[in-house]
K.L.:
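Below is the structure I would like to discuss, written out as structure tokens.
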Amino acid sequence: MAKKQTIAVFFGGRSPEHDVSIVTALQVMAALDPDIYNVLPVYLSTNGLWWCGDSLRQKATYLPGPEQYARLTQVVLDITAYGKPLLVGRDISFLRRSANFKFDVAMLAFHGPNGEDGQIQGMFETAGIPYTGMRTMASAVLMDKVATKRILATTGIPMLPYRELRRPTEGFLITETELSIHTSDFPGPWCVKPSHLGSSIGVARAETLQELADALLEAFKYDTAVVVEPFIDNMVEYNIAVSKVFGDVRTSAIERPEKVNKLLDFKQKYLTSGIDKMSGTKVLGQSASDGMLSMTRELNPQLHNGHESDIRKWAEIVFDTVVGSGAPRIDFIVDKKTDEIWLNEVNPCPGSFSYFLWEASNKNFILFSDLLDALITEALNESARVKQPDDPTLVNARLFSRRR
């Protein structure tokens with residue numbers, strides 16, 4: 001029998017989406033097949049410390065307090081790029097000896113800055129560790145809403161006009177006079193979004209310049225850059241996942257999130273019923289209608305005027321443009337009144353890995369556990385593809401002799 005692989009699931013981190021990351025990780029750890037894998041939870045706390053321990057697989061552990069931390073091992077990542085990936089335990093006391101933890105693949109379940117934006121990915125690249133999801137460049141670009149618009153500008157995919165506003169050096173306030181200049185070519189109402197966040201954190205609607213200034217003041221608490229776009233009053237959102245982990249590029253079912261207010265905010269996304277439904281499953285997910293905490297949604301909605309084929313085509317173009325990997329989710333918005341459609345944003349690592357979109361797909365039906373298997377295989381293949389020799393310096397570029 002083949003030896004089980006150890007999958008280190010990394011999650012948490014110093015991000016406003018810290019708690020959402022925990023939910024995704026709990027689902028992932030529950031769905032990984034125990035007959036194939038050993039699961040190693042690696043929790044990054046809000047203060048940046050790294051922890052390992054079996055209790056991290058239980059929802060009741062979060063967020064840990066002193067009693068929970070006492071049963072965990074604090075670790076740091078060995079980034080020497082030599083040998084098997086390793087987490088090194090830090091000595092806590094003379095009476096307790098810290099353990100080291102070897103693993104085969106890092107499964108990244110981060111959302112938001114310092115995890116989904118290329119920083120962690122770059123560290124794993126440096127250490128030569130196989131990791132799941134988007135590569136460093138794609139992660140960095142797609143977590144930046146402005147960079148996404150710029151890199152996709154020549155693809156023909158429709159996108160709303162925008163302004164990028166950066167947080168002032170002193171204070172967060174931008175005057176109404178300055179804002180009137182920035183938004184002169186598209187008057188309100190406006191949609192305000194932190195440039196590097198997801199999960200609808202910090203998103204707001206503003207109708208007047210004063211409301212816009214207030215919304216920016218709040219958004220700058222989360223991010224150093226903010227995107228301002230025209231607000232679409234009759235907006236309907238459509239989301240789709242895309243991946244090539246099974247060989248060819250495939251798209252998932254399409255979802256239409258249902259919203260109560262004009263803006264689909266964080267609470268509607270993550271606190272709409274089913275708060276305890278945090279675990280994935282080895283077979284079909286809780287139900288195809290359950291996603292990140294059972295957000296209200298319609299799967300496989302009827303679209304007209306060629307919107308479904310456009311969404312699928314454009315999702316594949318986005319994925320190909322950034323040399324995609326993993327299974328990102330791509331979000332579009334439609335004006336119900338005019339039937340215009342635009343790309344909204346791209347999520348390099350979507351909540352719950354968007355497994356419910358794959359399980360609801362009529363054409364590309366994929367179980368959550370199978371998706372995780374394929375992501376792990378892709379991580380190993382990608383790592384092998386870019387693996388460097390022990391001495392990567394070309395012979396004709398060597399200035400010093402090599403001693404044996």
Side-chain angles (χ1 to χ4, degrees), residues 4-34 36-80 83-116 119-121 123-124 126-127 129-133 270 275-282 292-293 349 351-353 372 376 379:
K4 288 185 183 181
Q5 292 179 313
T6 297
I7 308 302
V9 181
F10 289 78
F11 61 100
R14 295 183 57 76
S15 165
E17 299 179 70
H18 176 96
D19 292 20
V20 180
S21 173
I22 293 172
V23 175
T24 293
L26 289 171
Q27 293 174 324
V28 167
M29 289 187 286
L32 284 166
D33 191 335
I36 303 175
Y37 307 111
N38 294 314
V39 176
L40 173 64
V42 187
Y43 170 61
L44 279 62
S45 63
T46 57
N47 64 358
L49 299 180
W50 295 30
W51 302 89
C52 286
D54 287 340
S55 64
L56 293 170
R57 301 182 64 171
Q58 306 302 318
K59 187 186 70 167
T61 301
Y62 299 98
L63 290 183
E67 182 179 343
Q68 289 75 27
Y69 280 125
R71 298 194 295 267
L72 302 177
T73 301
Q74 188 180 336
V75 297
V76 293
L77 182 69
D78 180 357
I79 60 170
T80 55
K84 196 168 185 176
L86 178 67
L87 290 159
V88 180
R90 301 186 67 177
D91 293 332
I92 298 174
S93 69
F94 292 111
L95 301 177
R96 179 179 171 185
R97 183 178 180 181
S98 293
N100 294 337
F101 303 88
K102 291 184 178 181
F103 62 97
D104 297 289
V105 175
M107 178 159 281
L108 307 188
F110 294 110
H111 303 310
N114 306 307
E116 193 182 359
Q119 295 190 43
I120 289 284
Q121 290 77 3
M123 181 173 63
F124 285 120
T126 300
I129 296 173
Y131 66 93
T132 60
Y270 300 110
I275 190 69
D276 289 326
K277 296 179 181 178
M278 289 191 178
S279 62
T281 173
K282 182 178 174 181
M292 180 62 80
L293 301 191
C349 182
S352 301
F353 286 14
L372 297 177
I376 291 167

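Numbering of residues begins at 1 and proceeds along the displayed sequence.
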K.L.:
Specify the closest pair of heavy atoms between Trp51 and Ser45, including all atoms of both residues, with the distance to one decimal.
P.N.:
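For Trp51 and Ser45, the tightest heavy-atom pair comes out as NE1-OG, 3.9 Å.
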
K.L.:
How close do Pro85 and Pro130 get, heavy atom to heavy atom, and via which atoms?
P.N.:
CG-CD, 4.3 Å

K.L.:
Check whether Asp104 reaches the backbone of Thr6 with its side chain - one donor and one acceptor, N or O, closer than 3.5 Å.
P.N.:
yes

K.L.:
Is a donor on one side and an acceptor on the other found under 3.5 Å between the side chain of Lys4 and the backbone of Pro34?
P.N.:
yes

K.L.:
Compare every heavy atom of Ile129 with every heavy atom of Ala106, then report the nearest pair and how far apart it is.
P.N.:
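It is CB-CG2, 4.3 Å.
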
K.L.:
If we only count heavy atoms from C-beta on, is the Cys52 to Val42 side-chain gap below 4.5 Å?
P.N.:
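The answer is yes; the side chains approach within 4.5 Å.
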
K.L.:
Please evaluate residues Phe101 and Thr73 with respect to the criterion side chain to side chain contact (heavy atoms under 4.5 Å, CB included), reporting the C-alpha separation (whole Å), side-chain torsions for both, the decisive distance (0.1 Å), and the verdict.
P.N.:
CA-CA 10 Å; Phe101 303 88; Thr73 301; 4.0 Å; yes

K.L.:
Counting only heavy atoms not in Ile36, do more than 12 sit closer than 6.0 Å to its CD1 atom?
P.N.:
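Yes - once you tally the heavy atoms of other residues, nucleotides and ligands closer than 6.0 Å, there are more than 12.
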
K.L.:
If you take all heavy atoms of Val28 and Met107, which pair is closest and at what distance?
P.N.:
CG1-SD, 3.4 Å

K.L.:
Tell me yes or no: between the side chains of Ser352 and Gln27, is some donor less than 3.5 Å from an acceptor?
P.N.:
yes

K.L.:
Hey, are the side chains of Phe110 and Cys349 touching, using non-hydrogen atoms and a 4.5 Å cut-off?
P.N.:
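No, every pair of side-chain atoms sits at 4.5 Å or beyond.
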
K.L.:
Is there side-chain contact between Leu26 and Phe11, with at least one heavy-atom pair below 4.5 Å?
P.N.:
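Side chain of Leu26 against side chain of Phe11, heavy atoms only: no contact under 4.5 Å found.
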
K.L.:
Would you say the ring centers of Tyr43 and Tyr62 fall short of 6.0 Å from each other?
P.N.:
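Judged by ring-centre distance (under 6.0 Å), Tyr43 and Tyr62 do meet the cut-off.
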
K.L.:
Looking at every non-hydrogen atom in both residues, tell me the closest pair between Ser55 and Thr61 and how far apart they are.
P.N.:
O-OG1, 2.5 Å

K.L.:
Look at the side chain of Ser15 and the backbone N and O of His111, then say whether any donor-acceptor pair between them is shorter than 3.5 Å.
P.N.:
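Yes: the side chain of Ser15 pairs with the backbone of His111.
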
K.L.:
Rounded to the nearest 0.5 Å, what separates atom CD1 in Ile376 from atom CD1 in Ile7?
P.N.:
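So the gap between those two atoms works out to 3.5 Å.
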
K.L.:
Looking only at heavy atoms, which two atoms of Met29 and Leu56 are closest? And how far apart?
P.N.:
CE-O, 3.6 Å

K.L.:
For the atom pair CD1 (Ile22) and CD (Glu17), what is the distance rounded to the nearest 0.5 Å?
P.N.:
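Nearest 0.5 Å value for the CD1-CD distance: 12.5 Å.
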
K.L.:
Can you tell me how far CG of Asp54 sits from CG of Leu72, rounded to the nearest 0.5 angstrom?
P.N.:
9.5 Å

K.L.:
Which value, rounded to the nearest 0.5 Å, describes the distance between Arg14 atom CZ and Thr46 atom OG1?
P.N.:
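Rounded to the nearest 0.5 Å, the CZ-OG1 separation comes out at 7.0 Å.
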
K.L.:
Determine whether a donor-acceptor pair (N or O, by modelled atom type, separation under 3.5 Å) exists between the side chain of Gln5 and the backbone of Phe103.
P.N.:
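No; zero donor-acceptor contacts below 3.5 Å.
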
K.L.:
Report the distance from atom CG of Leu40 to atom CZ of Phe10, rounding to the nearest 0.5 Å.
P.N.:
7.0 Å

K.L.:
Hey, are the side chains of Leu108 and Phe124 touching, using non-hydrogen atoms and a 4.5 Å cut-off?
P.N.:
yes

K.L.:
Can you tell me how far apart NZ (Lys102) and CG (Leu87) are? Round to the nearest 0.5 Å.
P.N.:
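Separation between the atoms: 12.0 Å.
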
K.L.:
Would a distance-only check, ignoring hydrogens and angles, find a side-chain to backbone donor-acceptor pair under 3.5 Å from Gln68 to Gly65?
P.N.:
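Looks like yes, one N/O pair under 3.5 Å.
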
